[in-house]
Amino acid sequence: MATEAEAVTDADAMRRAIALAARGLGSTSPNPVVGCLILDAAGRPAGEGFHRRAGGPHAEIHALRAAGERARGGTAYVTLEPCDHTGRTGPCSQALIEAGVARVSYAVADPNPQATGGARTLRAAGIAVEQGLLAEEAEAGNIAWLTSVRRGRPHVLWKYAATLDGRIAAADSTSRWITSAEARADVHRLRAEADAVVVGSGTARTDDPHLAVRDVEGAVQPLRVVVDTEATAVRAGARILDGAAPTLIAVAEDADLTDSGHLPDVVRLPRGVRGLDIPALLAALHERGVRSVLLEGGPVLAGSFVAAGAVDKVVGYLAPVLLGAGPAALGDAGITTIAEALRLRMTETARIGPDLRITAIPEPATAAASAEAEPVPAGAPGPVPGTTTTKER
Ligand SMILES: NC(=O)c1ccc[n+]([C@@H]2O[C@H](COP(=O)([O-])OP(=O)(O)OC[C@H]3O[C@@H](n4cnc5c(N)ncnc54)[C@H](OP(=O)(O)O)[C@@H]3O)[C@@H](O)[C@H]2O)c1
């Protein structure tokens, strides 16, 4: 980032706005992450901001406040089209007009029918408006929210940790710890960025997982969700029932809840081909404001998500360990012949301590998914120490 004395290029300014937006990951739902940088009339940084939480000021408002009078005649760089509606806060388009900004450059158009129209309002007020600068990077940084608006369900990232021979547990079901402490710390970062962390009843029974975020400064705890058709997997005293984060147990409409007084929050869902219906689960989470899901397994539940076409991104941690027996990372996903294989495009590989992290998105890439091949915005929560990253296109 240039100092105050130096002029800043358009691309530098938008890159900074994208980095600012990333600071809101995990805490803005059901709103998007948005960053904004304002340059004064001479092209020098005057103010910046990002959307921190739903109900709080939008990025543009933070940036305008910081810029004060220096916004007059300047340029606002925003990662998402400024909103045009009065919700819990006033329209950003009006705030930019009143501040006397001469030009607005935004990366991605707002697909939300309620908020769109900001660009039109700005133009009508005589402001020069441009769209599309670093659009792919900005879209990648906001992919969870954009996916949720476009598909009406949360973005799903399936994460697993496996041995080099693709096993996620030993034959005796023990799976702690296949990957390193560094990889596990990286998973806490993923949890911090997610609105909900989901596991199946098998994992709840075998591992008694906690699923809350540890050691990520300022993290908003995700909703912990167990997909437990018969409401029998989460016993009183289970670690997931502590107060560290909210917890939701998804059960069948007809599940017997007689002995379930210890379950804090239960949602009843229709049964699917196997267990609970995945689209219904995602719809119920969406209704609760969840825009991003981190699916932490196990293989049987992950297989159903893949079969339902409900995995948008895969992060696999591969440890240089061999087991030779034990369950594979992914269970039955309804794929029986190689022609049906779900092909993925690798978007990043990274060394995480002694392990390898592979990030991939399904092919054929959808408009929403393809943007994820772009680099993680500068300033996004970075990898843990001792890691190297390679991004591929
Ligand atoms: N290394 C890793 O990354 C990792 C991560 C997680 C787990 N694990 C390991 O995986 C093992 C457990 O895996 P798992 O595959 O047995 O359990 P799982 O995937 O966590 O849970 C499977 C269970 O979820 C329930 N379920 C509800 N709706 C479902 C649906 N639509 N599709 C599929 N299942 C649904 C089913 O039981 P009901 O219908 O009876 O509820 C099903 O048997 C453990 O050994 C654990 O340590 C490893």
Side-chain angles (χ1 to χ4, degrees), residues 153 156-181 183-184 186-188 190-191 197-211 224-235 238-240 248-257 260 263 266-285 293-311 314-319 321-323 325-335 352 355-358:
R153 63 151 174 86
V156 177
L157 190 173
W158 169 46
K159 159 262 148 187
Y160 67 91
T163 62
L164 206 50
D165 57 328
R167 300 177 192 279
I168 54 83
D172 67 356
S173 292
T174 50
S175 69
R176 286 184 179 167
W177 300 106
I178 287 174
T179 46
S180 60
R184 298 199 302 276
D186 201 57
V187 170
H188 281 274
L190 292 184
R191 283 183 188 167
V197 177
V198 174
V199 296
S201 60
T203 300
R205 269 195 195 92
T206 313
D207 293 352
D208 187 18
H210 189 231
L211 302 181
R224 300 177 289 189
V225 182
V226 181
V227 188
D228 181 13
T229 313
E230 313 301 343
T232 52
V234 181
R235 304 269 164 79
R239 295 173 71 220
I240 203 170
L248 175 69
I249 315 296
V251 306
E253 280 162 340
D254 56 350
D256 178 2
L257 291 181
S260 303
L263 299 181
V266 172
V267 60
R268 286 185 179 274
L269 297 174
R271 289 176 186 266
V273 181
R274 165 163 210 170
L276 298 180
D277 184 65
I278 300 296
L281 169 68
L282 290 174
L285 293 177
V293 162
L294 178 66
L295 174 62
E296 290 211 32
V300 169
L301 185 62
S304 288
F305 268 75
V306 169
V311 170
V314 179
V315 173
Y317 295 87
L318 288 185
V321 176
L322 298 176
L323 271 169
L330 187 66
D332 185 2
I335 299 167
I352 308 286
D355 304 318
L356 181 64
R357 182 184 68 198
I358 298 180

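Both counts, for ligands and for their atoms, begin at 1 and track the order of listing. Computation of the quantities below employed the complete heavy-atom set of this structure, encompassing side-chain atoms and omitting hydrogens, waters and symmetry-equivalent molecules.
- Contacts of T163 classified as side-chain hydrogen bond (donor to acceptor under 3.5 Å, both in side chains), with partners at least two apart in sequence or in another chain: D165.
- Not one N or O on the side chain of R191 forms a donor-acceptor pair closer than 3.5 Å with the backbone of L294.
- The side-chain hydrogen bond (donor to acceptor under 3.5 Å, both in side chains) search around D355 returns S180, not counting sequence neighbours.
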Item to complete: Quick one: do F305 and L281 satisfy side chain to side chain contact (heavy atoms under 4.5 Å, CB included)? Show the steps, please.
Response: CA-CA 10 Å; F305 268 75; L281 169 68; 3.9 Å; yes
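- For the side-chain hydrogen bond (donor to acceptor under 3.5 Å, both in side chains) condition, the pairs that include at least one residue of residues 198-207, sequence neighbours left out, are R205-T232.
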Between ligand 1 and the protein, which N/O pairs fall short of 3.5 Å?
unit_1: ligand 1; atom_1: 1 (N); unit_2: A161; atom_2: O; d: 2.8
unit_1: ligand 1; atom_1: 1 (N); unit_2: I168; atom_2: O; d: 3.2
unit_1: ligand 1; atom_1: 3 (O); unit_2: A161; atom_2: N; d: 2.9
unit_1: ligand 1; atom_1: 15 (O); unit_2: P299; atom_2: N; d: 3.4
unit_1: ligand 1; atom_1: 15 (O); unit_2: V300; atom_2: N; d: 2.9
unit_1: ligand 1; atom_1: 19 (O); unit_2: G298; atom_2: N; d: 3.0
unit_1: ligand 1; atom_1: 19 (O); unit_2: G298; atom_2: O; d: 3.3
unit_1: ligand 1; atom_1: 19 (O); unit_2: V300; atom_2: N; d: 3.4
unit_1: ligand 1; atom_1: 19 (O); unit_2: L301; atom_2: N; d: 2.9
unit_1: ligand 1; atom_1: 20 (O); unit_2: G200; atom_2: N; d: 3.3
unit_1: ligand 1; atom_1: 20 (O); unit_2: G200; atom_2: O; d: 3.4
unit_1: ligand 1; atom_1: 20 (O); unit_2: T203; atom_2: N; d: 2.9
unit_1: ligand 1; atom_1: 20 (O); unit_2: T203; atom_2: OG1; d: 2.6
unit_1: ligand 1; atom_1: 20 (O); unit_2: G298; atom_2: N; d: 2.8
unit_1: ligand 1; atom_1: 21 (O); unit_2: G202; atom_2: N; d: 3.0
unit_1: ligand 1; atom_1: 24 (O); unit_2: S201; atom_2: N; d: 3.4
unit_1: ligand 1; atom_1: 24 (O); unit_2: S201; atom_2: OG; d: 3.3
unit_1: ligand 1; atom_1: 28 (N); unit_2: L276; atom_2: N; d: 2.8
unit_1: ligand 1; atom_1: 31 (N); unit_2: R274; atom_2: O; d: 2.8
unit_1: ligand 1; atom_1: 31 (N); unit_2: L276; atom_2: O; d: 2.8
unit_1: ligand 1; atom_1: 32 (N); unit_2: S304; atom_2: OG; d: 2.5
unit_1: ligand 1; atom_1: 37 (O); unit_2: S201; atom_2: OG; d: 3.0
unit_1: ligand 1; atom_1: 39 (O); unit_2: T229; atom_2: OG1; d: 2.5
unit_1: ligand 1; atom_1: 41 (O); unit_2: S201; atom_2: OG; d: 2.9
unit_1: ligand 1; atom_1: 41 (O); unit_2: T229; atom_2: N; d: 2.9
unit_1: ligand 1; atom_1: 41 (O); unit_2: T229; atom_2: OG1; d: 3.1
unit_1: ligand 1; atom_1: 45 (O); unit_2: S173; atom_2: O; d: 3.4
unit_1: ligand 1; atom_1: 47 (O); unit_2: S175; atom_2: OG; d: 2.9
unit_1: ligand 1; atom_1: 47 (O); unit_2: D207; atom_2: OD1; d: 2.8
unit_1: ligand 1; atom_1: 47 (O); unit_2: D207; atom_2: OD2; d: 2.8

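- A salt bridge links E296 with K159: at least one charged nitrogen is closer than 4.0 Å to a carboxylate oxygen.
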